[in-house]
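Below is one structure, written out as structure tokens, with a few remarks after it.
Since the structure is predicted, the reported quantities are computational estimates derived from the model, not experimental observations. Just follow the structure's listing: the first ligand is 1, and inside any ligand the first atom is 1.
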Amino acid sequence: MSELLNRIICADCIDLLGRVREPFADLVFADPPFNIGYKYDKYHDKVKKKNYIAWTKDWMAACKKVLKAHGSFYIAIGDDYAAYVRTIATDELGLHPRNWIIWHYTFGQQTKSKFARAHTHIFYFVKDKKHFTFNDHAVRVPSDRQLLYNDRRANPLGKVPDDVWNGYSRVCGTFRERTGWHPCQMPETLLRRIIAASSNPGDCVLDPFIGSGTTAAVAYQLGRNYVGVDISEEYVRNASARLADLKEPASANFFFDAAEMTELRQLCIDVRKQPKQILADRSLLMLLTSQFGVRMNGRKRYDVDKVAAALQELST
Ligand SMILES: C[S@@+](CC[C@H](N)C(=O)[O-])C[C@H]1O[C@@H](n2cnc3c(N)ncnc32)[C@H](O)[C@@H]1O
């Protein structure tokens with residue numbers, strides 16, 4: 001198994017995972033083709049419904065087999081097959097549902113004769129109903145009581161986000177993180193929330209449909225091990241290059257290291273505020289400084305002025 005660790009491997013995930021004997025993954029994130037006719041270089045994304053459902057069962061079973069006893073399993077899927085994925089997971093594979101998350105995005109759709117489709121389903125399952133990792137502190141956001149109502153009863157630790165996620169845009173053509181060679185790249189911000197919540201540093205994150213390499217990139221940045229699999233040689237080559245680039249020394253702020261800067265950027269996105277807006281509002285700055293400390297697992301108390309300096313850097 002160790003030969004798979006921290007690699008992006010070209011293989012059919014069902015074949016590869018079928019050959020592994022021991023469970024090794026603490027977290028699986030799977031974003032399979034949705035059977036909607038996307039243009040991938042190797043995989044044909046429009047097959048008969050019954051074949052797609054049978055294939056879905058096979059790859060889900062292969063992932064469950066390599067998931068550790070206390071592991072978590074997230075699956076992104078479109079409208080047409082969401083109900084099948086949920087039934088396969090619970091009724092056939094015996095996984096326990098934790099959340100049915102709606103990822104709502106607002107960029108890129110145009111329709112004239114019906115409402116625009118602007119969401120993807122993300123299922124969150126666990127293998128053991130009672131024992132699983134959920135690092136609430138790492139993903140907490142300020143509550144409305146804190147942000148809007150200035151209510152003293154508010155929990156100073158903020159709150160765990162709801163199950164409708166609407167702060168994460170799809171990766172559009174003009175975005176810096178866009179690789180340009182994969183048709184449906186997931187945003188790193190969305191993977192950060194999942195990986196931060198449902199795994200610990202040193203754990204192993206498996207993505208059986210790694211595509212552009214997003215899951216591996218985020219796992220690496222958060223100090224997790226990763227295993228990525230894709231059937232396309234070209235995607236594997238490019239995703240491996242993305243990881244190699246990341247492993248170059250990262251830029252750090254004068255006060256904060258690269259991980260802290262990335263977390264601060266994520267927090268701004270999670271509260272849907274630009275760094276400049278935060279800098280212009282002292283009480284918001286103080287609130288986010290405290291939330292940042294919670295996110296960093298209470299590692300240290302953060303100084304408001306240092307956070308302000310880091311936000312200044314993010315805003316330029
Ligand atoms: C929706 S994309 C994943 C995108 C990815 N989440 C990202 O952020 O870039 C699905 C990927 O599954 C790959 N794929 C299709 N069938 C596969 C199989 N049997 N085993 C491994 N990968 C497969 C495709 O080549 C494609 O890159």
Residue portion contacting ligand 1 (non-hydrogen atoms closer than 4.0 Å) for Ile14: neither
Ionic contact status for Arg193 with Asp270, cut-off 4.0 Å: yes
Flag for Thr56-Tyr84: side-chain donor and acceptor within less than 3.5 Å: no
Taking atom 11 (C) of ligand 1 as the reference point, the nearest protein heavy atom with its distance: Asp230 OD2, 3.6 Å
Which segment of Ala76 sits under 4.0 Å of ligand 1 when only heavy atoms are counted: neither
Proximity winner for atom 9 (O) of ligand 1, if only heavy atoms of Ala216, Pro187, Gly78, Ser212 are counted: Ser212
Pro208 neighbourhood, listing ligand 1 atoms whose heavy-atom distance to it stays under 4.0 Å: 21 (C), 22 (N)
Any N or O of Pro32 closer than 3.5 Å to N or O of ligand 1: no
Residue part near ligand 1, for His182, under 4.0 Å between non-hydrogen atoms: side chain
Ligand-side contact atoms (ligand 1) for residue partner Asp12, heavy atom cut-off under 4.0 Å: 19 (N), 20 (N)
Heavy-atom nearest option to atom 1 (C) of ligand 1, drawn from Tyr40, Tyr235, Tyr38, Phe209: Tyr40
Shortest non-hydrogen contact from Arg140 toward Gly158: NH1-O, 2.6 Å
Intermediate values then yes/no, side chain to side chain donor-acceptor pair (under 3.5 Å), Asp79 and His119: CA-CA 9 Å; Asp79 287 356; His119 65 270; 2.7 Å; yes
